[in-house]
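All remarks here apply to the structure that follows.
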Amino acid sequence: MVTVGRPRGVEDTAILRATAQVMGRVGPPGLTLAAVAREVGLVPATLVQRFGSKHGLLLALADQAEKDMTEMAERVRRSHESALGALTALTVESVAAMATPESFANHLAFLCMDLGDPQLYERALAIHRTQKRMIEDLLTEAISGGELRAGGDAVGAVALARTVQAVVAGAGLTWALEREGRLEQRIRQELDAVLSPHIPS
């Protein structure tokens, strides 16, 4: 939500990025309008004017996250020659905000909170579906380009996309529990294990 008379120099996107950073540091109990305002050098009243409430801020963040997912997929595809390279970059970059077990746990806590809130759940599901569609598109391209064999058609890509998405989510959780290496390394390792049987020899 945008209102007239906002202080110049701090855009909504900057506030939403700061919100995600605060979320990773403090988790649900510590996320307040005051904490986010401090992060961007504003006063809480300014955030109330723009987003209405903490809940409104979280809704705006979720809407932005879905847009960011689409933009991220387009950007990584442009920067990689192969669809599989873009897929790896997409999955790694999508968890970049959760580089420590503590930040992973805090973001996971927010996801659990989303599941109990109808408006946040709707947006979390939209993000999930957008990510799945991006993965499907890259896998379909990889199959048609000969990088993969997974049934040789869109049906194979859909099934493999579900597996990739589940493995990435599970890899994050096991990494946060085991705390071995970096999350990026674990994601790459598990993604390689899933895709290797489908790579032509």
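To the nearest 0.5 Å, atom OG of residue Ser53 and atom CG of residue Leu47 are 11.0 Å apart. Taking CG of Leu111 as the start and CG of Asn106 as the end, the distance is 13.0 Å to the nearest 0.5 Å. For the atom pair Leu139 CG and Glu147 CD, the distance stands at 10.0 Å (nearest 0.5 Å). Atom CG in Leu84 sits 12.5 Å away from atom CG in Leu90 (nearest 0.5 Å). One distance of note links CG of Leu148 with CG of Leu160; it measures 6.5 Å at 0.5 Å rounding. Interatomic distance, OG1 of Thr130 versus CD of Glu66, reported as 3.5 Å (0.5 Å rounding).
A side chain to side chain contact (heavy atoms under 4.5 Å, CB included) with Leu195 is found for exactly one of Thr88, Val164, Thr163, namely Val164. Of the options Val95, Leu191, Thr174, a side chain to side chain contact (heavy atoms under 4.5 Å, CB included) to Arg186 is made by Thr174 and by none of the others. Here the rule is side-chain hydrogen bond (donor to acceptor under 3.5 Å, both in side chains) with Arg123, and of Asp117, Asp114, Asp63 only Asp63 fits it. The only option from Glu136, Gln131, Lys132 that meets the side-chain hydrogen bond (donor to acceptor under 3.5 Å, both in side chains) definition with Gln165 turns out to be Gln131.
Closest of all the heavy-atom pairs between Phe104 and Leu173 is CZ-N, 3.5 Å. In terms of heavy-atom proximity, Ala35 sits nearest to Gly30 at CB-O, 3.9 Å. In plain terms, the two heavy atoms of Ala97 and Ser103 that are nearest each other are O-OG, 3.7 Å. Listed here is the closest heavy atom pair of Pro44 and Ala37: N-CB, 3.7 Å. The heavy-atom pair separating Leu31 from Val22 by the smallest distance is CD1-CG1, 3.7 Å. In this structure, Ala142 and Ala83 approach most closely via the heavy-atom pair N-CB, 3.8 Å.
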Stepwise salt bridge (Lys or Arg N to Asp or Glu O under 4.0 Å) test for Arg75 and Glu93: CA-CA 11 Å; Arg75 174 169 46 77; Glu93 191 168 334; 2.4 Å; yes
Evaluation steps, side chain to side chain contact (heavy atoms under 4.5 Å, CB included), between Gln119 and His55: CA-CA 10 Å; Gln119 290 179 299; His55 189 256; 3.0 Å; yes
Residue pair Thr19, Met23: steps toward the side chain to side chain contact (heavy atoms under 4.5 Å, CB included) verdict: CA-CA 6 Å; Thr19 301; Met23 289 170 67; 4.1 Å; yes
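Using a cut-off of 4.0 Å between Lys/Arg side-chain N and Asp/Glu carboxylate O, Arg25 and Glu39 are scored as salt-bridged. Ion pairing between Arg17 and Glu11 fails under the 4.0 Å rule for side-chain N and carboxylate O. With respect to the salt-bridge test (charged N to carboxylate O, under 4.0 angstrom), the residues Glu184 and Arg188 qualify.
Considering only heavy atoms from C-beta on, Leu183 stays 4.5 Å or farther from Thr100 through its side chain. Between Arg50 and Asp12, the closest side-chain pair of non-hydrogen atoms falls below 4.5 Å. The closest side-chain heavy-atom distance from Ile15 to Leu42 is below 4.5 Å. Taking the side chain as every heavy atom from C-beta outward, Asp137 and Glu141 never approach each other to under 4.5 Å.
A donor-acceptor pair is defined here as one N or O able to donate and one able to accept, closer than 3.5 Å; such a pair exists between the side chain of Trp175 and the backbone of Gly181. In this structure, the side chain of His80 engages the main chain of Val76 through a donor-acceptor pair within 3.5 Å. In this structure, the side chain of His198 engages the main chain of Arg149 through a donor-acceptor pair within 3.5 Å.
Atom CD of Glu81 has 12 or fewer neighbouring heavy atoms from other residues, nucleotides or ligands inside a 6.0 Å radius.
Under the 4.5 Å side-chain contact rule for hydrophobic residues, Ile127 and Val167 do not share a cluster. Criterion: ILVMFWY side-chain heavy atoms under 4.5 Å apart, direct or through other members. Under it, Val43 and Phe51 are not part of a common hydrophobic cluster.
Through chains of ILVMFWY side-chain contacts below 4.5 Å, Leu125 is grouped with Leu115, Tyr121.
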